[in-house]
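All chains are named by letter (A, B, ...) in the order of the sequence lines, taking the proteins before the strands, and each is independently numbered beginning at 1. Note that the structure is a prediction, hence the values are computed from the model and not measured.
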Amino acid sequence: MTTPPLLDAHLVADRGAFHLDIRLRIAAGEVVALLGPNGAGKTTALRALAGLHPLTAGHLTLAQVDLDRPDRRVWVPPERRPVGVVFQDYLLFPHLSALDNVAFGPRRHGADRRTARARAGNWLDRVGLGGQARHKPRQLSGGQAQRVALARALAVEPTLLLLDEPLAALDARTRLDTRAELQRHLGDHPGATLLVTHDPLDALVLADRLVIVEHGRVVQEGDAASVTARPRTDYVARLVGLNLHRGRADGHRVTVGGLTLTAADTVHGDAFVAFPPAAVALHPVRPDGSPRNVWPATVTGVQRHGDNLRVQLDGPVAVAADVTPAAAAQLRLHPGQPVWAAVKAAETRAYPA
Amino acid sequence: MTTPPLLDAHLVADRGAFHLDIRLRIAAGEVVALLGPNGAGKTTALRALAGLHPLTAGHLTLAQVDLDRPDRRVWVPPERRPVGVVFQDYLLFPHLSALDNVAFGPRRHGADRRTARARAGNWLDRVGLGGQARHKPRQLSGGQAQRVALARALAVEPTLLLLDEPLAALDARTRLDTRAELQRHLGDHPGATLLVTHDPLDALVLADRLVIVEHGRVVQEGDAASVTARPRTDYVARLVGLNLHRGRADGHRVTVGGLTLTAADTVHGDAFVAFPPAAVALHPVRPDGSPRNVWPATVTGVQRHGDNLRVQLDGPVAVAADVTPAAAAQLRLHPGQPVWAAVKAAETRAYPA
Amino acid sequence: MTRTPRPRQRVPLALLLPAGLGLLFLVLPLVGLLAGTPWSTLPRRLAQPGVLTALRLSLETATLAMLLCVALGIPLAWLLARVRFPGRRLIRALVTVPLVLPPVVGGVALLLVFGRRGLLGSWLDATFGVTLPFTTAGVVLAEAFVAMPFLVIAVEGALRGADPRYEEAAATLGAGRWTTFTHVTLPLVAPGVAAGAVLCWARALGEFGATITFAGNYPGRTQTMPLAVYLALETDLQAAIVLSLILLTVSVAILAGLRDRWVSAP
Amino acid sequence: MTRTPRPRQRVPLALLLPAGLGLLFLVLPLVGLLAGTPWSTLPRRLAQPGVLTALRLSLETATLAMLLCVALGIPLAWLLARVRFPGRRLIRALVTVPLVLPPVVGGVALLLVFGRRGLLGSWLDATFGVTLPFTTAGVVLAEAFVAMPFLVIAVEGALRGADPRYEEAAATLGAGRWTTFTHVTLPLVAPGVAAGAVLCWARALGEFGATITFAGNYPGRTQTMPLAVYLALETDLQAAIVLSLILLTVSVAILAGLRDRWVSAP
Amino acid sequence: GGDEPTAQDGGGRVTVFAAASLTESFTTLGRDFEAAHPGTTVVFNFAGSSALATQITQGAPADVFAAASPATMKTVTDAGDAAGAPVTLVRNQLVIAVPKGNPHRIAGLADLARPGVKVALCAEQVPCGAAAKMALEAAAVKLTPATLEQDVKGALAKVKLGEVDAALVYRTDVRAAAAELDAVEFPESTRAVNDYPIVVLKRADNPAGARAFVDYVRSAAGRTVLTAAGFQAPPDQ
Ligand SMILES: Nc1ncnc2c1ncn2[C@@H]1O[C@H](COP(=O)(O)OP(=O)(O)OP(=O)(O)O)[C@@H](O)[C@H]1O
Ligand SMILES: Nc1ncnc2c1ncn2[C@@H]1O[C@H](COP(=O)(O)OP(=O)(O)OP(=O)(O)O)[C@@H](O)[C@H]1O
Ligand SMILES: [Mg+2]
Ligand SMILES: [Mg+2]
């Protein structure tokens with residue numbers, strides 16, 4: 001980033017016992033996904049950006065304009081922030097038709113009724129709801145309502161677009177279309193976008209950069225490739241589908257709990273090791289041969305996972321393993337069963353903690 | 001199914017201009033997923049089963065007891081149906097704590113306050129919210145609220161469990177845990193389960209059988225393998241990630257629009273052909289060699305899709321193709337560009353329409 | 001979202017019984033009145049010159065009073081429901097003052113303020129030559145004073161019940177507090193406003209004490225139906241009952257015609 | 001869900017102005033009264049034997065009347081809001097009758113029904129030896145009759161505003177309509193019920209016409225504060241004002257103490 | 001029950017329904033009567049005469065009815081609720097009430113018709129209004145009042161508060177408000193008197209006590225209290 005970021009924020013806010021403290025910078029045209037477990041503070045951060053929740057400290061600067069800066073007693077109300085929001089539970093105005101919901105923003109931004117409605121109609125078409133323009137929100141199904149909310153936020157063409165799970169209620173097909181639509185729109189418009197989502201796929205497809213929050217703090221940040229390759233918390237590891245452990249490294253060898261694993265990389269000091277569940281092989285007896293990372297474990301659970309089965313293992317380290325149904329049948333997997341787990345060093349990544 | 005199904009329903013209902021007409025049979029212990037695009041009538045079907053929306057015709061029989069049968073003027077009110085519901089937008093009682101929300105059902109089913117609360121606490125623990133037992137719904141984040149709703153419906157141990165997108169608002173990690181929890185519970189309990197979801201993964205992992213509705217009708221039905229292998233509508237094809245076309249088959253050759261494709265299977269008469277986007281290869285010039293299904297096409301759109309790019313193509317048939325970023329860079333893909341598309345006959349499935 | 005009726009719904013007796021009792025309690029006295037009415041004299045009474053004038057005046061002033069209450073009361077209710085300021089509790093309690101004040105005393109209080117020698121009245125008289133007592137405007141004022149709390153309390157209750165997040169959504173779409181109020185808040189609480197306006201109108205229509213004290217009783221100018229009823233009571237109970245029934249019938253007809261439309265509007 | 005205040009909120013003038021006017025309109029007459037009060041005589045008046053008795057009686061009867069209204073009025077409101085039956089529109093309009101009926105006529109109507117020679121009263125007297133007029137119970141009845149519409153209309157409005165899907169959720173959890181009503185519906189509309197109860201109580205406290213007509217004016221038994229004010233008005237305007245202010249102060253104090261707690265309860 | 005005003009304790013209880021304008025004098029008389037008849041309690045129900053009449057005809061438990069006008073008394077006697085014929089207790093005479101010092105220099109009824117003088121009258125339906133009408137007709141004065149009040153105290157309040165410059169009210173009323181008001185007597189007032197009738201009721205629970213009370217208020221001692229309040233003795237005595 002050579003130009004100053006469009007959004008430059010240090011969000012410090014309190015909500016009951018919950019304390020939020022995160023830094024966010026988003027460049028013009030950039031899409032940042034905010035990921036985190038339930039209750040991590042994603043919605044709170046988004047509310048602070050929209051002006052619905054005051055900061056208690058820190059600052060919030062958008063396009064070089066201070067919008068919230070407690071120390072300078074600056075606070076711009078939400079209606080004068082160039083910010084558009086798609087709320088987690090829609091909040092469509094129940095007394096207005098879908099069309100008038102979408103036209104609401106343009107009207108408030110000075111368009112006359114006719115222009116606003118035309119623009120709204122256009123947006124409804126883009127989210128595939130041209131036929132429902134006259135429907136009241138209560139006559140829309142859950143997913144239809146969500147799409148109207150999306151159209152409503154996009155219709156004000158905001159400098160900062162905030163989306164709280166914009167695609168969560170959409171079915172797979174509409175999600176694909178709307179995601180593409182959204183991606184096209186984000187490509188068109190010069191503003192910054194913050195996307196709160198639970199869906200790693202949405203984040204990976206739509207976002208240029210991921211920011212992961214837990215307990216109100218940023219725990220990891222970076223582009224999709226670096227985050228997915230090197231998760232730094234349990235949550236991120238689960239998100240990207242990796243087993244993650246923290247230990248002490250000494251070259252290729254990392255000691256985790258009572259176990260020493262060999263990794264493909266060379267690290268020294270505190271380190272993470274990560275490997276996919278699919279890289280874990282299970283054996284009824286101690287395997288000989290190439291896998292150098294072998295340990296005895298106990299099956300604690302088995303679930304279907306796509307075409308495969310995902311096996312939860314306890315032992316010196318708790319890991320998940322994916323096995324084919326055929327392999328599972330052969331092993332006669334059941335909870336409480338002792339097995340040997342093996343991971344190839346080539347599929348085990350290590351990196352500094 | 002040799003035993004009579006636990007649930008045997010022919011749901012005919014009207015909701016404004018919308019007309020629902022679907023048949024559903026669910027055996028004891030079976031989990032059926034109801035999938036469909038937004039507005040297909042999934043929620044309406046679920047409401048009819050719960051007794052919140054009367055049938056206009058058809059019947060609804062649960063464990064050999066008629067619950068709704070307009071022709072015989074039988075209608076059992078919701079509170080006397082052994083049915084539990086997780087609603088699409090939670091509907092947690094705002095004046096009760098999370099614990100009391102969950103204890104509400106057991107209380108109504110005759111448990112004393114202490115027993116009901118103990119059972120509720122147990123359920124909250126199982127969905128990972130033991131610490132939030134005293135919180136009011138407004139103090140819960142969206143995902144926490146959803147999990148309380150799940151616990152509330154499960155706590156009455158219903159014969160028929162209805163779930164309207166129970167996992168939609170959960171983050172990836174919690175979803176995994178809760179999905180496993182749910183799967184365990186469904187495995188335990190002898191009742192029937194109907195799961196409305198948009199997420200094919202939820203459906204594939206949790207359900208024994210899929211029922212797909214569009215415009216209020218069942219369009220396809222079967223176990224995961226048959227549905228994913230042989231989608232019969234565009235919606236299902238998108239759901240399982242396949243290109244789908246309908247044409248006339250004559251042995252291995254299927255004529256779709258102006259194009260004749262060669263498939264691995266032998267069919268005669270009206271037929272579907274399906275192939276994954278990853279099986280479509282793009283070439284700047286007409287390729288020679290093995291792929292027998294080759295046609296000229298025009299690029300209409302390119303989006304990131306996971307690690308790859310998804311290319312939308314127009315031509316004699318409209319298809320999606322997945323290409324690696326490297327291949328895309330080499331082809332210098334851009335909208336409007338003419339390319340040659342090729343699909344291997346071995347990856348093209350044909351089956352009767 | 002869904003208001004579909006459940007079919008063949010059974011109404012629990014524990015609710016039906018008190019509801020029926022309540023209804024009976026409200027309606028029986030009316031039956032008593034109807035039973036005691038000399039129906040034969042009704043046409044003659046209706047034809048009396050003053051009656052229709054008083055009825056028209058009642059309806060006009062009650063409607064104007066209601067509009068005044070709506071114009072001033074809704075913003076006041078909004079202030080009490082949505083803005084935190086010191087002394088809000090006290091002000092909220094003060095709003096109920098006209099309810100508790102015996103109406104005649106309320107009329108005296110209005111005279112002390114808007115009367116010829118009142119705090120504001122003397123100034124109004126000297127500056128603009130406006131005197132309110134003994135005028136139709138005075139009737140409206142008296143009725144509005146007595147009826148205002150009904151509107152304010154009903155609307156404040158509705159506002160507190162409404163989800164403020166819709167207002168937040170409006171703000172993020174660029175609506176200031178005023179636009180949000182007119183375009184989002186008001187439509188959302190429309191049923192509450194309607195209920196309050198109905199209460200307010202009905203109370204204004206039945207107002208007697210404050211009106212006669214503040215605005216006096218002059219046929220065609222300040223004599224509303226309740227005033228006519230009270231005067232009739234002095235000499236002829238039957239006449240008073242008939243006049244009351246006329247007032248009642250008209251208001252019940254108007255309310256039955258209006259309320260469902262209002263209530264089901266949003 | 002979130003009631004966090006927006007900081008440094010500007011209140012639009014278009015709302016503040018009418019709200020302020022409305023407040024002024026409600027409070028100025030009170031100021032007028034206060035200005036006209038002979039403060040020096042206050043202790044003497046308070047010490048008069050009848051005053052405290054009347055005040056206590058007023059508070060007691062108003063509270064009992066409110067409880068009666070709550071017991072009968074909430075089920076009635078629920079019936080009107082949630083059950084479809086023929087004639088609902090008419091019944092909803094009939095509920096407002098006591099509002100429009102001049103209270104004295106209301107008292108006459110009550111006498112016609114519950115009086116010793118009334119429709120029900122004669123039967124009550126003959127069967128149970130119960131006579132309601134001229135008793136404290138009669139005061140409660142008269143006040144309840146006049147105050148009931150406030151409760152019913154406020155609660156019905158709240159019920160219509162409440163999301164019926166919560167009741168559906170309760171039904172799927174095994175709650176019958178009665179349990180749903182007590183455990184879900186009522187708590188959900190608690191603010192509306194509170195607002196209605198406040199209106200109801202305040203109206204009962206200020207009730208005069210129906211009470212004096214139906215229950216008479218016996219010190220210690222049926223003479224409430226408004227009746228005492230009325231008698232004081234016969235001879236001494238100042239005394240009437242002082243008595244009214246006593247009534248007002250007590251009720252404002254009670255309301256200021258209560259309402260915020262109720263309103264913020266759920 | 002115990003709340004019922006019945007003749008049960010000692011000399012019994014006398015329930016008196018009396019016009020509101022008698023409140024002060026009857027309260028005094030009741031106390032005196034109780035002192036003179038130990039063991040007897042007098043219970044008053046003060047309200048507008050017409051309301052009292054309605055209550056009595058609807059079966060209210062009352063022993064004595066003192067009305068502010070013969071017309072209201074007539075509704076009770078017509079309904080057959082009176083034991084015997086009513087007698088006139090006192091009469092009340094109209095005066096012109098003006099603010100202290102009489103700023104508008106009102107000397108008689110004719111001055112009330114002067115432009116710029118605002119006048120409050122009682123409505124014709126109530127006794128003071130009927131009397132005022134008679135007086136004005138006798139004086140051949142035509143005036144447009146600002147208001148036609150429902151009762152005397154309404155008219156009086158408007159003079160006290162300065163809303164009107166004069167009102168035709170009873171002498172007793174002005175006497176009670178002597179600190180704020182002056183009374184202007186006028187000759188036609190003899191044509192504008194109002195009689196207060198009193199009667200023992202037929203369904204009296206305590207007829208003896210009722211008669212004793214009526215006798216007491218009509219006695220010399222009673223008369224003294226009533227005239228002190230501004231009432232006039234009836235002509236036949
Ligand atoms: N109104 C409130 N009062 C008090 N605490 C609250 C309130 N709303 C949320 N919280 C708490 O604040 C924390 C952050 O909530 P927030 O809604 O920002 O989470 P989130 O990351 O958006 O979660 P989700 O993914 O479930 O929507 C949570 O721990 C929650 O319990
Ligand atoms: N209250 C209503 N009145 C009239 N029509 C309605 C109402 N609710 C829903 N509909 C219509 O009924 C149809 C089915 O809606 P339903 O809610 O069952 O869909 P759904 O499959 O659950 O969709 P989603 O996945 O978006 O929740 C939709 O077309 C919708 O427009
Ligand atoms: Mg959230
Ligand atoms: Mg749905």
message: As an exercise: rank Val97(D), Leu79(D), Leu21(D), Leu205(D) by heavy-atom pairs under 4.5 Å with chain C and give me the winner.
response: Val97(D)
query: Which region of Pro226(D), side chain (C-beta onward) or backbone (N, CA, C, O), has a non-hydrogen atom less than 4.5 Å from a non-hydrogen atom of chain C, or is it both or neither?
result: both
field: Part of Leu120(C) within contact of chain D (heavy atom distance under 4.5 Å)
entry: side chain
- prompt: Tell me, side chain or backbone of Val100(C) under 4.5 Å from chain D's heavy atoms, or both, or neither?
  reply: both
query: Non-hydrogen atoms of chain D under 4.5 Å away: do they reach the side chain of Leu237(C), the backbone, both or neither?
result: side chain
message: If I measure from the heavy atoms of chain C, does Ala158(D) come under 4.5 Å with its side chain, its backbone, both, or neither?
response: neither
query: Most heavy-atom pairs under 4.5 angstrom with chain C, which of Phe208(D), Phe114(D), Phe181(D)?
result: Phe181(D)
- request: Among the options Leu13(D), Leu80(D), Leu141(D), pick out the one with the most heavy-atom pairs lying under 4.5 Å from chain C.
  value: Leu141(D)
- prompt: Checking heavy atoms, do the side chain of Ala144(D), its backbone, both or neither come under 4.5 Å from chain C?
  reply: both
statement: When the 4.5 angstrom heavy-atom criterion is applied to Leu243(D) and chain C, the contacting part is neither
query: Using 30° and 60° as the class limits, which term best fits the ring planes of Phe25(D) and Phe145(C): parallel, tilted or perpendicular?
result: perpendicular
message: Out of Leu16(D), Leu68(D), Ile91(D), Leu23(D), return the one with the most heavy atom pairs under 4.5 angstrom to chain C.
response: Leu23(D)
field: Heavy-atom pairs under 4.5 Å with chain D, option from Leu199(C), Leu112(C), Val105(C) with the top count
entry: Leu199(C)
query: When heavy-atom pairs shorter than 4.5 Å are enumerated against chain C, which of Gly20(D), Gly32(D), Ala240(D) gives the highest number?
result: Gly32(D)
message: Quick check: do Leu90(C) and Val252(D) have side-chain heavy atoms less than 4.5 Å from each other?
response: yes
Atom pair OG (Ser251(C)) and CG (Leu101(D)), whose distance is rounded to the nearest 0.5 Å: 9.0 Å
query: Using non-hydrogen atoms only, which part of Val229(D) is less than 4.5 Å away from chain C: side chain, backbone, both, or neither?
result: side chain
- line: Distance col, row Leu76(C):CG vs Leu26(D):CG, nearest 0.5 angstrom, shows 6.5 Å
- request: Counting only heavy atoms closer than 4.5 Å, note whether Val27(D) contacts chain C via side chain, backbone, both or neither.
  value: side chain
- request: State, yes or no, whether a side-chain contact exists between Tyr230(C) and Pro102(D) at a heavy-atom distance under 4.5 Å.
  value: yes
- line: When rounded to the nearest 0.5 Å, the distance separating CG of Leu119(D) from CG of Leu28(C) is 7.0 Å
- prompt: Atom CG of Leu33(D) and atom CG of Leu111(C): how far apart are they, to the nearest 0.5 Å?
  reply: 10.5 Å
task: Return the minimal non-hydrogen interatomic distance between Pro29(C) and Val113(D), and the atom names on each side.
output: CA-CG2, 3.6 Å
- prompt: When rounded to the nearest 0.5 angstrom, what is the spacing between OG1 in Thr213(D) and CG in Leu233(C)?
  reply: 8.0 Å
message: Rounded at 0.5 Å granularity, tell me how far CG in Leu99(C) sits from CZ in Phe150(D).
response: 7.0 Å
